[in-house]
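Everything on this sheet refers to the single structure shown next.
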Amino acid sequence: MQGVTVVDHPLVQHKLTIMRDKETSTASFRRLLREISVLLCYEVTRDLELTTRTIETPVTRMEAPTLEGKKLVFASVLRAGNGLLDGMLELVPAARVAHIGLYRDHETLQAVEYFFKAPSDLENRLTIVVDPMLATANSAVAAVDKLKARGATSLRFLCLLAAPEGLERFCRAHPDVPVYTASIDERLNELGYIVPGLGDAGDRMYGTK
Ligand code: PRP
Ligand code: URA
């Protein structure tokens, strides 16, 4: 699918399998999500533009590569997005952070917003939206709608699992936003859960039901 990158690195796939396993504990699930997020962050930032600056090494002066442009924004879709956010901030500690509070209404599967806080100058920054699950894509579409309404023009969406139905809907709604995922699963079930999936990401991260 155009605009979709599947991160098939063996370490990502191995860790994902352990996360999918229903016997994996909350503590292990959280740790693995943090570890995977570092690897996914590496992929989603692979083509960031570089410029150079002059530095003095202990040996000589050189023109050394450095990231161009303003600091990145990581936009976490609460709650489960925070599991990806932590590892990404380890890799890019200077990134700015947006929080978007959304939950899925279990009956309608529509995304309900309860919180939004983002840096004010989104138009000048690359914004990477993070949420482990892209199921119907209602949450992802709502999150990106909101960020665009607040000025974001350059966005990427990073998740762990995507359903084909959700991917199609997201790419239709936001064709300008590339998606990075560790897996495109088989389908959604009648309750809107990803199959085979890993269950409810937020519940598995935080030990809730
Ligand atoms: C989960 C997940 C996504 C959403 C995906 O969040 O983290 O945000 O569902 O489903 P969708 O693509 O059908 O919208 P949930 O609403 O369960 O909230 P939580 O993270 O607070 O548990
Ligand atoms: N949200 C989740 O956490 N899991 C799913 O399978 C679908 C939506």
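Nothing fancy with the numbering, it's 1 onward along the sequence. Source: prediction; values computed, not measured. In each ligand, atom 1 is the first atom listed, and ligand 1 is the first ligand listed.
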Inset, instruction - Answer whether the closest heavy-atom distance between the side chains of R20 and D185 falls below 4.5 Å. - result: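 Yes - at least one pair of side-chain heavy atoms lies under 4.5 Å apart.
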
Legend entry - Short N-O contact, R34 and E90, less than 4.0 angstrom: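 A salt bridge links R34 with E90.
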
Legend entry - Side-chain ion pair, D121 and K70, N-O less than 4.0 Å: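 Between K70 and D121 there is a salt bridge, with a charged N closer than 4.0 Å to a carboxylate O.
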
Inset, instruction - Indicate, with yes or no, if the rings of F170 and F157 have centres closer together than 6.0 Å. - result: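 Centroid distance F170-F157: below 6.0 Å, so yes.
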
Could you give the N/O to N/O pairs under 3.5 Å linking ligand 2 and the protein, each with its distance?
| unit_1 | atom_1 | unit_2 | atom_2 | d |
| --- | --- | --- | --- | --- |
| ligand 2 | 3 (O) | A201 | N | 2.8 |
| ligand 2 | 4 (N) | G199 | O | 2.8 |
| ligand 2 | 6 (O) | I194 | N | 2.8 |

Legend entry - Result of checking V130, T5, L160 against Y180 for side chain to side chain contact (heavy atoms under 4.5 Å, CB included):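 Option passing the side chain to side chain contact (heavy atoms under 4.5 Å, CB included) with Y180: T5.
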
Legend entry - Separation between CD1 of I128 and OG1 of T45, rounded to the nearest 0.5 Å: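 Spacing of CD1 (I128) from OG1 (T45) equals 6.5 Å.
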
Inset, instruction - Please say whether more than 12 non-hydrogen atoms of neighbouring residues, nucleotides or ligands are located less than 6.0 Å from CD in Q13. - result: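 More than 12 heavy atoms, drawn from other residues, nucleotides or ligands, come within 6.0 Å of this atom.
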
Inset, instruction - Go through the steps for L122 and V73 under the test side chain to side chain contact (heavy atoms under 4.5 Å, CB included), then give the verdict. - result: CA-CA 8 Å; L122 289 176; V73 175; 4.1 Å; yes

For a distance cut-off of 3.5 Å, show me each N or O of ligand 1 paired with any protein N or O, plus the separation.
| unit_1 | atom_1 | unit_2 | atom_2 | d |
| --- | --- | --- | --- | --- |
| ligand 1 | 7 (O) | D131 | OD1 | 2.8 |
| ligand 1 | 8 (O) | D131 | OD2 | 2.4 |
| ligand 1 | 12 (O) | A135 | N | 2.8 |
| ligand 1 | 12 (O) | T136 | N | 3.1 |
| ligand 1 | 12 (O) | A137 | N | 2.8 |
| ligand 1 | 13 (O) | R104 | NH1 | 2.7 |
| ligand 1 | 13 (O) | T136 | N | 2.9 |
| ligand 1 | 13 (O) | T136 | OG1 | 2.5 |
| ligand 1 | 14 (O) | S139 | N | 2.9 |
| ligand 1 | 14 (O) | S139 | OG | 2.5 |
| ligand 1 | 16 (O) | R104 | N | 2.7 |
| ligand 1 | 20 (O) | R79 | N | 3.1 |
| ligand 1 | 20 (O) | A80 | N | 3.1 |
| ligand 1 | 21 (O) | R79 | N | 3.2 |
| ligand 1 | 21 (O) | R79 | NE | 2.9 |
| ligand 1 | 22 (O) | R79 | NE | 3.4 |
| ligand 1 | 22 (O) | R79 | NH2 | 2.9 |

Legend entry - CA sep, side-chain torsions, deciding dist, call: V92, C41, side chain to side chain contact (heavy atoms under 4.5 Å, CB included): CA-CA 9 Å; V92 190; C41 184; 4.1 Å; yes

